[in-house]
**Q** 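Here it is: the structure, laid out below.
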Number of protein chains: 2
Amino acid sequence: MLSVEAEPVGARPGQVEPGHIESSLVSVDVLALRFDAGSGAVLLGVSRRELEPFLGRDALPGVLLGRGERLREAAVRAVAGKLGVPEGAVRATGQLATFDEPSRDPRGPTLSIALWATLDPARSDGPRWAPLSAVPPLAFDHDRIVADCRALLGERLWRDPVFTAGLLGPEFTTAQALDATEALTGDRPYPANLGRLMDRVPGLRRTEQHAAARAKGGRPPLVWRWEG
Amino acid sequence: MLSVEAEPVGARPGQVEPGHIESSLVSVDVLALRFDAGSGAVLLGVSRRELEPFLGRDALPGVLLGRGERLREAAVRAVAGKLGVPEGAVRATGQLATFDEPSRDPRGPTLSIALWATLDPARSDGPRWAPLSAVPPLAFDHDRIVADCRALLGERLWRDPVFTAGLLGPEFTTAQALDATEALTGDRPYPANLGRLMDRVPGLRRTEQHAAARAKGGRPPLVWRWEG
DNA sequence: CTAATAGTGTCTTTCAGACATTATTAT
DNA sequence: ATAATAATGTCTGAAAGACACTATTAG
């Protein structure tokens with residue numbers, strides 16, 4: 001299974017000889033998500049490329065995985081280096097999928113492991129954030145990565161408390177929950193139905209508090225909070 | 001917590017200097033599944049290691065990913081080289097999760113990308129197959145990989161027609177469907193309930209045919225078939 | 001008051017879970 | 001007939017979907 005083993009000899013492309021390791025490079029590309037409570041938008045962090053290829057184009061923040069480095073370390077490094085987000089602002093990370101098209105990077109075959117990262121919006125302001133529902137064209141195959149992974153993120157919301165709490169923060173209103181759900185799934189649920197769904201999320205509690213009313217008037221929304 | 005699940009971000013050791021690329025090796029480890037229609041067992045292909053480390057122990061079939069090689073190619077190569085299964089016997093493959101514990105291989109940091117592969121049982125006989133419900137202790141962290149991925153396989157059955165058709169073959173009986181579901185999820189559904197679930201699987205059709213009766217007598221089961 | 005926003009009650013449909021009952025076969 | 005195996009009917013409860021109605025705020 002590893003390089004030091006002899007593979008059965010036969011003319012197969014991609015064959016690895018013992019001692020002579022020539023592997024694809026591994027990059028970690030991050031869907032860095034930042035929930036703006038004010039507008040209710042889920043923002044995706046993008047970075048302008050300062051090198052060829054795709055110089056000047058937007059791209060997902062990504063780094064090459066270092067030897068012995070863990071995926072989430074690399075994701076934090078990417079978010080810090082490419083978006084300027086301090087490491088402490090990364091609330092949680094997790095795997096999405098791996099993209100292995102050999103021609104996805106013109107410099108040579110590169111594996112891309114896509115991770116999500118949820119950020120604390122108070123500590124991750126910066127220049128380049130795009131609403132997840134209107135991401136500009138990106139470099140490499142990142143348009144495809146975003147499209148594929150957006151569906152995965154939509155499935156994860158409310159099912160994975162670590163992701164959901166990381167995205168929405170320690171407390172949030174029903175209105176914000178509706179906005180975030182719409183941003184990730186493309187579909188806005190009915191308030192009553194989302195409320196029942198949230199009642200069943202482990203660790204999430206409906207409080208008696210109401211948030212401050214909005215500028216335009218209207219009943220103030222309920223506050224939800226994670227316990228533990 | 002499962003490695004494939006979300007992780008909160010904590011303290012991180014180790015950094016990588018840019019410009020000096022020294023990446024972890026990438027191995028592709030395969031959960032090669034073979035459904036034995038006779039016994040109703042889902043069998044996992046394991047290979048005995050012929051080199052250190054873990055000499056003589058069983059392990060998942062795996063290979064190092066070659067430069068520019070696709071994950072699917074590597075999975076087919078692993079199954080062919082380590083299990084002796086001809087390439088044409090691989091019906092389908094897909095991603096499961098990535099395991100990035102740096103110490104998972106004593107020879108050095110190695111990323112493991114776990115894939116599933118479904119095999120044609122008629123063309124993939126061989127020496128070492130273990131029921132998925134009774135896998136022997138494996139080398140490296142493969143026990144953990146199997147445990148984590150078994151849950152993912154259970155979720156995929158009936159939801160992913162490519163996986164399900166690859167596992168069960170072009171046609172199968174209700175009894176076999178019950179057995180396969182029990183093997184992957186650990187839970188045997190009621191026949192009526194599984195029948196209704198299968199009625200909703202796209203591309204799967206309940207036929208009017210009955211399979212040959214079993215040796216012990218009893219009503220012959222219905223045959224299900226994929227269309228297209 | 002009205003407009004805007006949000007929460008609640010409830011009906012419907014879908015789906016999973018759990019049987020009891022009926023059907024078909026070998027012996 | 002009896003045992004073995006499988007299919008079917010039906011009841012229950014959980015969950016999603018859809019909507020009408022009520023509640024609370026700013027102006």
Side-chain angles (χ1 to χ4, degrees), chain A residues 36-41 151 154-161 164 168 171-182 184-202 204-225, chain B residues 36-41 151 154-161 164 168 171-182 184-202 204-225:
Chain A
D36 181 56
S39 67
E155 293 171 13
R156 198 170 276 274
L157 186 66
W158 306 120
R159 269 191 255 275
D160 178 347
T164 309
L168 296 176
E171 66 177 48
F172 55 89
T173 68
T174 309
Q176 288 160 0
L178 288 164
D179 290 337
T181 304
E182 184 175 16
L184 262 56
T185 67
D187 218 51
R188 189 176 188 83
Y190 288 88
N193 301 340
L194 182 59
R196 283 180 312 198
L197 174 60
M198 289 194 289
D199 281 331
R200 288 192 307 269
V201 173
L204 186 57
R205 289 287 171 268
R206 182 196 294 259
T207 72
E208 300 298 320
Q209 298 174 37
H210 290 258
R214 292 201 171 181
K216 291 195 176 176
R219 179 173 177 173
L222 280 183
V223 172
W224 299 73
R225 185 176 299 126
Chain B
D36 181 57
S39 67
E155 293 171 13
R156 198 170 277 274
L157 185 66
W158 306 120
R159 269 191 255 275
D160 178 348
T164 308
L168 296 175
E171 66 178 47
F172 55 91
T173 67
T174 309
Q176 288 160 1
L178 288 165
D179 290 337
T181 305
E182 184 176 16
L184 261 57
T185 67
D187 219 52
R188 188 176 189 83
Y190 288 88
N193 301 340
L194 183 59
R196 282 179 313 198
L197 173 59
M198 290 195 289
D199 280 332
R200 288 192 306 269
V201 173
L204 185 57
R205 287 289 171 269
R206 183 197 292 262
T207 72
E208 300 298 319
Q209 298 174 36
H210 290 258
R214 291 201 171 180
K216 290 196 175 177
R219 179 173 177 173
L222 279 182
V223 171
W224 299 74
R225 185 175 298 127

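In what follows, every chain begins at residue 1, and chains take the letters A, B, ... in the order their sequences are listed.
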**Q** Taking B:T174 for its side chain and B:P221 for its backbone only, find out whether a donor-acceptor pair lies under 3.5 Å.
**A** no
**Q** Looking at every non-hydrogen atom in both residues, tell me the closest pair between A:S39 and A:D179 and how far apart they are.
**A** O-OD2, 4.3 Å
**Q** Under the side-chain contact (heavy atoms from CB on, under 4.5 Å) criterion, do A:L178 and A:E182 qualify, and how do the steps go?
**A** CA-CA 6 Å; A:L178 288 164; A:E182 184 175 16; over 6 Å; no
**Q** Rounded off to whole Å, could you give me the CG-to-P distance for the B:L194 and C:dC15 pair?
**A** 15 Å
**Q** Starting at atom CZ of B:F172, determine the distance to atom C1' of D:dA6, rounded to an integer number of angstrom.
**A** 16 Å
**Q** Is the base of C:dA18 touched by the side chain of B:N193 through a donor-acceptor pair closer than 3.5 angstrom?
**A** yes
**Q** Can a side chain N or O of A:Y190 be found less than 4.0 Å away from OP1 or OP2 on D:dC19?
**A** yes
**Q** Quick one: A:R159 CZ to D:dA15 P, roughly how many Å, whole number?
**A** 12 Å
**Q** Can you see if the side chain of A:R206 gets near the phosphate of C:dT8 - specifically, an N or O under 4.0 Å from OP1 or OP2?
**A** yes
**Q** Around atom CZ of A:R159, are there more than 12 heavy atoms of other residues, nucleotides or ligands at under 6.0 Å?
**A** no
**Q** In whole angstrom, give the distance that lies between atom NE2 of B:H210 and atom P of D:dA6.
**A** 12 Å
**Q** Rounded to whole Å, how long is the line connecting atom CG of B:D179 with atom C1' of D:dT5?
**A** 12 Å
**Q** Take the protein atom CG of A:L222 and the nucleotide atom C1' of D:dA23, then report the distance between them rounded to whole Å.
**A** 11 Å
**Q** For B:G154, does its backbone N or O pair with a side-chain atom of B:T185 as donor and acceptor, under 3.5 Å?
**A** no
**Q** To the nearest angstrom, how far is B:W224 atom CH2 from D:dA7 atom C1'?
**A** 11 Å
**Q** Which residue lies toward the 5' end of DNA chain D, B:R219 or A:K216, if each is placed at its nearest nucleotide?
**A** B:R219
**Q** What's the CD-C1' distance between B:E208 and C:dT24, to the nearest Å?
**A** 15 Å
**Q** Any donor-acceptor pair under 3.5 Å joining the side chain of A:R196 to the base of D:dG17?
**A** yes
**Q** For B:L197 and B:P191, find the nucleotide of DNA chain C closest to each by heavy atoms; which residue's nucleotide sits nearer the 5' end?
**A** B:L197
**Q** Return no unless some side-chain N or O of B:T174 is found under 4.0 Å from OP1 or OP2 of D:dA7.
**A** yes
